[in-house]
S.K.: 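After the structure tokens below, expect a handful of questions from me.
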Amino acid sequence: MGMMRSTNESNITGFILLGFSDYPQLQKVLFVIILILYLLTIFGNTTIILVSHLESKLHTPMYFFLSQLSFLDLCFTSSIIPQLLVNLWDPMKNITYGGCVVQLYVSLALGSTECVLLAVMSYDRYIAICRPLHYTVLMHPRLCMALASLSWLSGVVTTLVQSTLTLQLPFCGHYQVDHFFCEVPVLIKLACVDTTFNEAELFVASIIFLIVPIFFILISYGYIVEAVLRIKSASGRKKAFGTCSSHMTVVIIFYGTIIFMYLQPANSRSKEQGKFVSLFYTVVTPMLNPVIYTLRNKEVKWALKKVLGKILGLNFI
């Protein structure tokens with residue numbers, strides 16, 4: 001594969017991302033499907049960001065966080081999918097060492113940020129439903145900005161720790177990464193030394209960024225369900241549940257696949273399962289997020305029609 005290595009471990013020139021090499025007949029099909037999904041991801045998330053910015057009625061904490069989520073998904077997919085598309089088309093499947101390092105740091109930072117951001121969004125829904133009269137006072141712009149900044153900062157901190165520890169491992173000539181992008185669990189497997197510490201650190205980080213946010217989300221929605229059930233009118237309960245259903249759908253899809261990859265023992269799943277699960281949360285989930293929030297949210301659909309009407313000079317409302 002044209003890979004070179006000097007006797008010094010630090011002079012690694014690159015890796016081979018095997019990806020879906022075991023399915024040569026499937027690679028071109030995957031290329032077309034993933035390209036389409038990537039373009040839809042760019043279009044959908046960019047639309048959410050623009051509509052939330054242009055429509056004054058969407059200048060609320062909920063849509064501020066939704067815009068943050070869309071921006072995250074745009075960056076996350078763009079850190080992985082372009083290289084994946086190149087490797088699906090190119091039989092060499094090389095990635096430079098520098099490219100792998102950038103991909104590792106960026107994708108882990110963005111994925112960790114999204115874990116925290118989804119928990120922050122559940123807190124926003126808790127305040128909106130359980131304390132509606134105090135919503136605008138409690139969820140003021142400075143707090144929203146601080147919570148969003150905390151989400152981004154937590155992602156940066158965890159990638160600086162995890163990625164740095166992973167890249168310090170000696171790979172001893174092992175350059176074939178049996179995955180389609182550079183991710184901490186698969187790079188740890190390449191190491192030729194005892195990785196107990198790295199695996200323990202990865203497990204602790206997974207607890208912090210997966211289990212703790214899920215626990216926080218469950219508590220928030222426990223209070224939300226309790227508050228909604230106290231609403232006497234059926235239409236009121238339906239409206240309250242409707243404001244949370246989109247977020248819960250995204251949470252279930254995102255955390256379900258991430259937990260499978262990071263918390264399930266490595267020897268309990270096949271490598272191919274791990275690849276396809278990773279494909280789901282790196283490609284499919286970011287594409288689904290704007291679809292879920294648009295189709296299940298009347299405010300977004302109304303705002304989208306209004307913005308399109310202004311741009312095209314038509315009246316859709």
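Along the sequence shown, the residues carry numbers beginning at 1. Computed from heavy atoms alone, side chains included, the values below leave out hydrogens, waters and symmetry copies. None of the values given here were measured: they were computed from a predicted structure.
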S.K.: Quick one: SG on C115 to CG on L72, what's the gap to the nearest 0.5 Å?
M.R.: 10.0 Å

S.K.: Is the F171 ring parallel, tilted or perpendicular to the F15 ring (thresholds 30°, 60°)?
M.R.: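 Correct class here is perpendicular.
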
S.K.: Between I207 and V157, is there shared hydrophobic-cluster membership here, with clusters defined by ILVMFWY side-chain heavy atoms closer than 4.5 Å?
M.R.: no

S.K.: So do L190 and V177 actually touch side chain to side chain, heavy atoms under 4.5 Å?
M.R.: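 They are in side-chain contact.
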
S.K.: Could you walk me through whether L88 and K28 satisfy the side chain to side chain contact (heavy atoms under 4.5 Å, CB included) test, starting with their C-alpha distance in whole Å, then the side-chain angles of each, then the deciding distance to 0.1 Å, before giving a yes or no?
M.R.: CA-CA 7 Å; L88 284 172; K28 293 301 184 286; over 6 Å; no

S.K.: Quick one: are the ring centres of Y281 and F254 less than 6.0 Å apart?
M.R.: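 Judged by ring-centre distance (under 6.0 Å), Y281 and F254 do not meet the cut-off.
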
S.K.: Could you check N198, L167, T166 and say which one makes a side chain to side chain contact (heavy atoms under 4.5 Å, CB included) with V184?
M.R.: T166

S.K.: Would L153 and L210 show up in the same hydrophobic cluster when neighbours are defined by side-chain heavy atoms closer than 4.5 Å?
M.R.: no

S.K.: Assess whether side chain to side chain contact (heavy atoms under 4.5 Å, CB included) is satisfied between I253 and I292, documenting all intermediate values.
M.R.: CA-CA 11 Å; I253 294 174; I292 292 170; 4.0 Å; yes

S.K.: Is there side-chain contact between I219 and F216, with heavy atoms separated by less than 4.5 Å?
M.R.: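 Heavy-atom side-chain distance check fails, nothing below 4.5 Å.
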
S.K.: Can you give me the closest heavy-atom contact between P286 and F280, atom names plus distance?
M.R.: CD-O, 4.5 Å

S.K.: Please say yes or no: joined through hydrophobic side-chain contacts below 4.5 Å, possibly via intermediate residues, are L150 and M121 part of one cluster?
M.R.: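 They do not share one cluster, since no chain of ILVMFWY contacts under 4.5 Å joins L150 to M121.
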
S.K.: Quick one: do the T282 and S278 side chains pair a donor with an acceptor below 3.5 Å?
M.R.: no

S.K.: For the CZ atom on F71, are there more than 12 heavy atoms of other groups (residues, nucleotides or ligands in this structure) within a distance under 6.0 Å?
M.R.: no

S.K.: So Y135 and D124, do their side chains get closer than 4.5 Å, heavy atoms only?
M.R.: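 Touching, per the 4.5 Å side-chain cut-off.
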
S.K.: Is Y255 close to L118 at the side-chain level, that is, under 4.5 Å between some pair of heavy atoms?
M.R.: yes

S.K.: Dump the intermediate steps for salt bridge (charged side-chain N to carboxylate O under 4.0 Å, His left out) on K275 and D178, then the final yes or no.
M.R.: CA-CA 9 Å; K275 292 178 188 177; D178 197 5; 2.7 Å; yes

S.K.: Test side chain to side chain contact (heavy atoms under 4.5 Å, CB included) on F180 and Q83; report intermediate values, then the result.
M.R.: CA-CA 9 Å; F180 60 85; Q83 182 67 49; over 6 Å; no

S.K.: Looking only at side chains, do K93 and Q176 share a donor and an acceptor under 3.5 Å apart?
M.R.: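 On atom types as modelled, these side chains do not qualify, holding no pair under 3.5 Å.
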
S.K.: Provide the closest heavy-atom pair for I42 versus L74 in the form atom of the first, atom of the second, distance.
M.R.: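 I42 and L74 have their closest heavy atoms at CA-CD2, 3.5 Å.
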
S.K.: If we only count heavy atoms from C-beta on, is the L165 to E201 side-chain gap below 4.5 Å?
M.R.: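 Result yes, sub-4.5 Å side-chain heavy-atom pair found.
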
S.K.: Name the atoms and distances for all side-chain donor-acceptor pairs under 3.5 Å in residues 126-134, with sequence neighbours left out.
M.R.:
none

S.K.: Do you know which of F181, W89, F276 makes ring-ring contact (aromatic ring centres under 6.0 Å, His included) with F20?
M.R.: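 The passing option is F276.
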
S.K.: To the nearest 0.5 angstrom, please state how far the CG atom of D73 sits from the CG atom of L110.
M.R.: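 D73 atom CG to L110 atom CG measures 9.5 Å (nearest 0.5 Å).
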
S.K.: Tell me, do S149 and M145 make a side-chain contact under 4.5 Å, heavy atoms counted?
M.R.: yes

S.K.: Do you know the tightest heavy-atom contact between S52 and S67?
M.R.: CB-OG, 3.1 Å

S.K.: Any chance you could measure T196, atom OG1, to I188, atom CD1, to the nearest 0.5 Å?
M.R.: 10.5 Å

S.K.: Over all heavy atoms of both residues, which pair between V156 and T159 is shortest? Give the atoms and the distance, please.
M.R.: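 Here V156 and T159 meet closest at O-CG2, 3.1 Å.
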
S.K.: With no hydrogens and no angle check, do the side chains of T195 and E199 hold a donor and an acceptor under 3.5 Å apart?
M.R.: yes

S.K.: Which atoms form the tightest heavy-atom contact between G155 and S112, and what is the distance?
M.R.: CA-CB, 3.9 Å

S.K.: Would F76 end up clustered with V86 when hydrophobic side chains under 4.5 Å apart are linked, directly or stepwise?
M.R.: no

S.K.: Looking at K57, is its backbone amide N or carbonyl O close enough to the side chain of E55 to form a donor-acceptor pair, meaning the two atoms are under 3.5 Å apart?
M.R.: yes

S.K.: What I'd like to find out is whether the side chain of L84 reaches to under 4.5 Å of the side chain of L30, using heavy atoms alone.
M.R.: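 No, every pair of side-chain atoms sits at 4.5 Å or beyond.
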
S.K.: Starting at OG1 of T46, measure out to CD1 of I48 and round the result to the nearest 0.5 Å.
M.R.: 10.0 Å

S.K.: Is there a side-chain contact between F65 and M139, using heavy atoms and a 4.5 Å cut-off?
M.R.: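 Answer yes - side chains close enough.
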
S.K.: Would you sort out whether L147 and C144 count as a side chain to side chain contact (heavy atoms under 4.5 Å, CB included), showing the intermediate values?
M.R.: CA-CA 5 Å; L147 291 173; C144 293; 5.9 Å; no

S.K.: What's the shortest heavy-atom distance between T158 and L108, and which atoms?
M.R.: O-CD2, 4.3 Å

S.K.: Does one side chain, of Y38 or S78, offer a donor that lies under 3.5 Å from an acceptor on the other?
M.R.: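 Yes, side-chain donor-acceptor contact under 3.5 Å.
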
S.K.: Could you tell me whether H59 atom NE2 has more than 12 heavy atoms of other residues or ligands within 6.0 Å of it?
M.R.: yes

S.K.: Find the distance between CG (L37) and OG1 (T77) and round it off to the nearest 0.5 Å.
M.R.: 10.5 Å

S.K.: Looking only at the side chains, is there a donor atom on one of W152 and Q68 sitting less than 3.5 Å from an acceptor on the other?
M.R.: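 Indeed, the side chains of W152 and Q68 share at least one donor-acceptor pair under 3.5 Å.
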
S.K.: Transitively linked via ILVMFWY side-chain contacts under 4.5 Å: V193 with F197?
M.R.: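 Different clusters.
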
S.K.: Could you state the interatomic distance from OH (Y97) to SG (C182), rounded to the nearest 0.5 Å?
M.R.: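 So the OH of Y97 and the SG of C182 are separated by 10.0 Å.
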
